[in-house]
**Q** 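Below is a structure I'd like to ask you about.
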Amino acid sequence: MSDKIRVRFAPSPTGPLHIGGARSALFNWLFARKRQGDFIVRIEDTDVERSNLVSEEVILEDLKWMGLDWDEGIQVGGEKGPYRQRERLEIYDSYWKRLLEEGKAYYCFCTEEELEEERESLRKKGEMPRYLGKCRDLTQAERDKLREEGRKPVVRFKVTWGETITVEDLIRGRVNFESDGIGDFILVRSDGMPTYNFAVVIDDALMEITHVIRGEEHLSNTPRQMMIYRALGFKMTSFAHISLILGEDRTKMSKRHGATAISQYRKMGYLPEALVNFLALLGWAPEGEREMFTLHELVEEFSLERVSRSAAVFNFRKLNWMNGEYIRESSPERIRDMAIPYLQEEGLVDEKISSQDYQWLKEVIALLQEQLEYVSQVVTHIKVFFGDEIEELSPEGAEMLEDEQARQIVQRFREECIQVESWDKETIKGIFKRIGKELGAGGKKLFQPVRVGLTGTLQGPDLQSLIILLGREKVANRLQNTLHNLTKNTQC
RNA sequence: GGCCCCUUGGUCAAGUGGUUAAGACACCGGCCUUUCACGCCGGUAACAGGGGUUCGAAUCCCCUAGGGGUCACCA
């Protein structure tokens, strides 16, 4: 045994990996990597009703997608396994039996109704609803009798009253709790399954976890867990409770605030490094003013001391900005490859892409990528590159083409396009030059009519690049169609 | 309701007794550009309130208010 730091991420596989869990995992991972410690992933699946293997898979995939790896745990193994709580049942058994023998725990036969009644009356008195220990002093005979009646007992921890439990939290400092406010809590359910508070202690202690870094919602559970550590004579771990992530209405982030699952961001085409960078900045701040960091750089910068105590609102706009930054820095090839599935889904490109189209797409993406916030947006931006007709003539565009000269420019531009021998930037430039000279137009007056004729709007990607990538045929067809529709409309 | 945590601009946040109270997103303005976007430059905007302590408080203490979490045979 060494003084090596060991931290863990212990999700319960009852759904996808959420923003909050992802950030907890990230902070644990960063802490481990920074301090050359071990990062362990354990599955907390004692909730038989809700746990499922699919969720487990999804969570693990999302962690990997974020770039997090683990030294020990599920899938990779290790000496302190197994790493799925359902496979550790015998281990828990030995510990709760020991507590029972030492008189530190006891069987409780109370029914759900009895408990609810007790809670309700305490609530009415303005006290903390909790179990007051009714079954603490049951005799063996009484227990046998209740068992014969068919009651299935739970095992409760016997809380010592009149005690102050102090959590030395690495982020929050000292936090005191009175044991009188904590009722005898359940260690083992009537079906023999350990509860979270019990299993988590056994696992953290046996896996020699040195630092428990988790969400603030666990802070009030900590005194219970500390009591178990003590009762069993385990070495206490350090605790660090990170603040919650809130939605825009300042309540705990949930589905109604928008996308909360990591997989949703992945599906929308967010880059993992952007999401990770953004998450790192929620509740933690680096030393300088820089805020773009790779995972590797985050490891260098990270420290628990700079984790903030207050809750943070998840700001989608900033995430989008940051993701856009990462998209702009990415190679067109990468963004293209990410974009293809969305384009296929829209039917814009074939399932099987020719190498020519593949190349073409790269150039199109290179033009588009600066305005993307996330990759799936590509399907709307890329529409201008498809079809022989413009999607829709905008009012501003229509107004522009009311001008006689503008229409002439479009007409002439089309004619030149058809006649010209080659199809490259120089050629297109030459056409514009010629027409400009011929009709005495330049700048906006020269370029915008063509843009409108080609796209229907006043804005879009660089015009010359657009023309090249559209190809001669589409350019000619679109301009003709636009002109045709225009005259048709004016005649009516 | 009891217990616990939190409180710097709309949002993320720096700040740890003396600062013109950083920076980023968003917003507004300007520049660049054939347009949009990108980029660049600039601007609006904050210490929840009240008491102390101190020569001096965003920073330390107390109270109030507000927000959040938690009180399960869920984690």
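All chains are named by letter (A, B, ...) in the order of the sequence lines, taking the proteins before the strands, and each is independently numbered beginning at 1.
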**Q** Pairs counted only when both distances fall under 3.5 Å, Watson-Crick or G-U: show me the 5' to 3' dot-bracket for RNA chain B, [ ] for pseudoknotted crossings and | for other-strand partners.
**A** ((((((((.[[[..)..(....]]].(((((.......)))))....[[[[[..)....]]]]])))))))....

**Q** Does A/Lys252 make a side-chain N or O approach to OP1 or OP2 of B/rG67 shorter than 4.0 Å?
**A** no

**Q** Measure the shortest side-chain to side-chain distance between A/Phe239 and A/Leu219 over non-hydrogen atoms and say whether it is less than 4.5 angstrom.
**A** no

**Q** Are A/Tyr95 and A/Phe198 near enough that their ring centres are under 6.0 Å apart?
**A** no

**Q** Using a cut-off of 4.0 Å on non-hydrogen atoms, how would the nucleic acid contact of A/Thr46 be classed: base, sugar-phosphate, or nothing?
**A** sugar-phosphate

**Q** The side chain of A/Arg328 is closest to which nucleotide in this list: B/rC38, B/rC25, B/rA75?
**A** B/rC38

**Q** Can the ring centroids of A/Tyr196 and A/His218 be said to lie less than 6.0 angstrom from one another?
**A** yes

**Q** At under 4.0 Å between heavy atoms, what does A/Ser310 touch on the DNA or RNA strands: base, sugar-phosphate, or nothing?
**A** sugar-phosphate

**Q** In terms of side-chain heavy atoms of A/Arg250, which of B/rA75, B/rG67, B/rU35 is nearest?
**A** B/rG67

**Q** With a 4.0 Å cutoff (strictly under), does any side-chain N or O of A/Arg119 reach OP1 or OP2 of B/rA72?
**A** yes

**Q** Once you apply a heavy-atom cut-off of 4.0 Å, does A/Asn221 come out as touching a base, just sugar-phosphate, or nothing?
**A** base

**Q** Is A/Arg306 close enough to B/rA13 that one of its side-chain N or O atoms is under 4.0 Å from OP1 or OP2 there?
**A** no

**Q** Heavy atoms from C-beta onward define the side chain here; which of B/rG23, B/rA26, B/rC4 lies closest to that of A/Val175?
**A** B/rC4

**Q** Given B/rG68, B/rA24, B/rA13, identify the nucleotide with an atom nearest to the side chain of A/Trp321.
**A** B/rA24

**Q** Reckon A/Arg156 has a side-chain N or O less than 4.0 Å from the OP1 or OP2 of B/rA72?
**A** no

**Q** Within 45° of the axis and under 6.0 Å from the centre of the six-membered ring of A/Trp96, does NZ or CZ of A/Arg156 qualify?
**A** no

**Q** Using the P atom as the reference point in each nucleotide, state the distance between B/rC27 and B/rG67 in Å, no decimals.
**A** 29 Å

**Q** Would you indicate which nucleotide in B/rU34, B/rC4, B/rA75 comes nearest to any side-chain atom of A/Asp47?
**A** B/rA75

**Q** What contact category does A/Arg451 fall into here, base, sugar-phosphate, or nothing, at under 4.0 angstrom with non-hydrogen atoms?
**A** base

**Q** Please work out if A/Asn176 contacts a base, only the sugar-phosphate, or nothing of the nucleic acid, heavy-atom cut-off 4.0 Å.
**A** sugar-phosphate

**Q** Where the side chain of A/Lys318 is concerned, which of B/rU35, B/rA13, B/rC12 is the nearest nucleotide?
**A** B/rC12

**Q** How about A/Phe9 and A/Trp29: are their ring centroids closer than 6.0 Å?
**A** no

**Q** Any side-chain N or O of A/Ser308 below 4.0 angstrom from OP1/OP2 of B/rC12?
**A** no

**Q** Quick check: A/Phe432 with A/Phe413 (ring centres under 6.0 Å apart)?
**A** yes

**Q** Answer with base, sugar-phosphate or nothing: what part of the nucleic acid does A/Val154 contact at a heavy-atom distance below 4.0 Å?
**A** base

**Q** Under 5.5 Å centre to centre and under 30° between planes: does that hold for A/Phe447 and the six-membered base ring of B/rU34?
**A** yes

**Q** Identify which nucleotide among B/rC5, B/rC36, B/rC73 has an atom closest to any side-chain atom of A/Ile186, counting heavy atoms from C-beta outward.
**A** B/rC73

**Q** So for A/Ser190 and B/rC73, does any side-chain atom that can act as donor or acceptor lie under 3.5 Å from a complementary atom in the base?
**A** yes

**Q** With sugar-phosphate meaning primed atoms plus P, OP1 and OP2, does A/Leu463 contact a base, only sugar-phosphate, or nothing at under 4.0 Å between heavy atoms?
**A** base

**Q** When you get a sec, tell me which of B/rC5, B/rG69, B/rC36 is the closest nucleotide to the side chain of A/Glu217?
**A** B/rG69

**Q** What's the closest nucleotide to the A/Arg172 side chain, out of B/rC6, B/rA24, B/rA13?
**A** B/rC6

**Q** Validate the cation-pi geometry between A/Arg8 and A/Phe39: distance from NZ or CZ to the six-membered ring centre under 6.0 Å, angle to the ring axis within 45°.
**A** no

**Q** Among B/rC6, B/rC4, B/rC5, which nucleotide sits nearest the side chain of A/Phe177?
**A** B/rC4

**Q** Measure the distance from CG on A/Asp45 to P on B/rC73 and round it to the nearest whole Å.
**A** 19 Å

